[in-house]
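Start at 1 and go down the list; that is how both ligands and their atoms are numbered.
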Amino acid sequence: MPLDMAKSILVTGGAGYIGSHTVLQLLLGGFRAIVVDNLDNSSEEAIRRVGEIAGESRENLTFYKVDLRDKGALNKIFSSTKIDAVIHFAGLKAVGESVQNPLLYYDNNFVSTLTLLEVMASHGCKKLVFSSSATVYGSPKVVPCTEEFPLVAMSPYGRTKLVIEEMCRDIYHADSEWSIILLRYFNPVGAHPSGHIGEDPRGYPNNLMPFVQQVAVGRRSALTVFGNDYSTTDGTGVRDYIHVVDLADGHISALRKIFEDAETGCEVYNLGTGKGTSVLEMVAAFEKASGKKIPLVIAGRRPGDSEILYGSTIKAEKELKWKAKYTIEDMCQDQWNWASKNPYGYGSPGSTNYK
Ligand code: NAD
Ligand code: UD1
């Protein structure tokens, strides 16, 4: 029996987009997954479907509808189950909303992480994988971004990521029994190839591909392209899109390192593909995969957007032994498969998920 067969992983935010895909990969990889989510931006249906895809492994999946700031409830979970490690996805992620309502973000993202880490420490659980973001690189002068680049907060959302990264480094320096991996994600897109789970944002989608997907299924009339006067090949912004299943697998690789390497310390890794793709290139790839025309409205630049952002993946390849496998075509194919099977995500036209 492999070493990790019996490991129990607490996954905060496990009902969300990246969380649900990671929970599935955990179950398929022989781990036990204990999901804690307040369903603020997700649906329990995602968890049900993860169980369905996982088949017999679904018996290793437990779900608690709990807010991470509820220390009593969290303590109870840690008391009733021996947790070997935590993957911490839970948080709010809308950049514009964080500018409008910073206190909400400091409370939800920072206070909940503080509470989680306190509970982990008091139960002697000192292994953590945390969802950071490439937003901490701001608008770099050169690309690809390496993990050593200077860090900057472009919004209260980004600042919560920076502060939590710093907090993790402080905790490790104070107590070297901690093993912490901070993963800086680039732009996750796509869905599980089954088409049963995928991204289902509440309300107006802020990110490119959820918007494109809603245009394709007829929920929105056109995609607004934010700027076509950047110094890029076609003038539109360039990003490092990564298939969500590759991203999920990156977490399994991070866990393996934590369990197998006692010297893990507190380390940071980029998870991306190392390649840049423009908005128009993404739209063209999606049109090809879906056979749908995406009408475009060219608008001005979105405040706070960087021109070109993609990451170096050398450190993750070397130290996590992980590399993204899926292409842009795969990402669009799987995104369309999910969208066409679930045009209203986990909800229906009349549900609160649809605005
Ligand atoms: P998501 O909104 O789909 O998932 C987050 C989950 O956390 C949701 O299910 C939500 O209900 C839950 N949650 C939020 N606050 C909570 C709380 N206080 N207690 C319990 N549960 C709570 O988002 P996602 O895209 O899956 O992102 C996961 C993580 O990755 C987030 O931390 C996000 O900031 C980070 N990230 C995402 C992206 C991206 O483009 N999706 C990029 C970089 C980093
Ligand atoms: C955005 C956030 C970033 C966050 C990331 C993941 C901003 C300024 N940045 O990054 O902090 O970590 O999401 O949640 O919000 N685009 C359009 N039309 C759209 C949507 C996007 O043209 O309707 C363009 C953008 O200008 C950009 C590209 O598509 O060039 C990707 O945008 P998006 O998916 O929002 O990701 P990021 O900007 O990388």
Please report the closest heavy-atom contact between Cys168 and Ile180, naming both atoms and the distance.
->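 Closest approach of Cys168 to Ile180: O-CD1, 3.6 Å.
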
Heavy-atom gap [X] to ligand 1 smaller than 4.0 Å:
X      : value
Val66  : yes
His88  : no
Ser132 : yes
Asn108 : yes

Pick out which of Ile34, Leu27, Ile9 makes a side chain to side chain contact (heavy atoms under 4.5 Å, CB included) with Asn60.
->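 The single option meeting the side chain to side chain contact (heavy atoms under 4.5 Å, CB included) with Asn60 is Leu27.
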
Protein residue, atom and distance nearest to [atom], heavy-atom basis:
atom                    : result
atom 34 (O) of ligand 2 : Leu208 N, 2.9 Å
atom 27 (C) of ligand 2 : Arg239 NH2, 3.7 Å
atom 24 (C) of ligand 2 : Val279 CG2, 3.6 Å
atom 38 (O) of ligand 2 : Arg302 NH2, 2.8 Å
atom 25 (C) of ligand 2 : Asp305 OD2, 3.4 Å

Contact check, [X] vs ligand 2, heavy-atom distance below 4.0 Å:
X      : answer
Tyr241 : yes
Tyr157 : yes
Ser133 : yes

Using a 3.5 Å cut-off on N or O atoms only, is [X] in polar contact with ligand 1?
X      : answer
Tyr185 : no
Ser133 : no
Leu68  : yes
Asp40  : yes
Ser112 : no

Ring centres under 6.0 angstrom apart (Tyr204, Phe211) |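 Ring centres of Phe211 and Tyr204 closer than 6.0 Å.
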
Mark yes or no: Lys7 above the aromatic ring of Phe259, with NZ or CZ under 6.0 Å from the six-membered ring centre and no more than 45 degrees from the axis.
->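 Judged by the rule, Lys7 and Phe259 form a cation-pi pair.
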
Aromatic Tyr310 / basic Arg239 pairing, under 6.0 angstrom, 45° off normal =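 So Arg239 doesn't make the cation-pi contact.
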
Tyr326 and Thr273: CA distance, side-chain angles, deciding distance, side-chain contact (heavy atoms from CB on, under 4.5 Å) verdict = CA-CA 9 Å; Tyr326 292 102; Thr273 63; over 6 Å; no

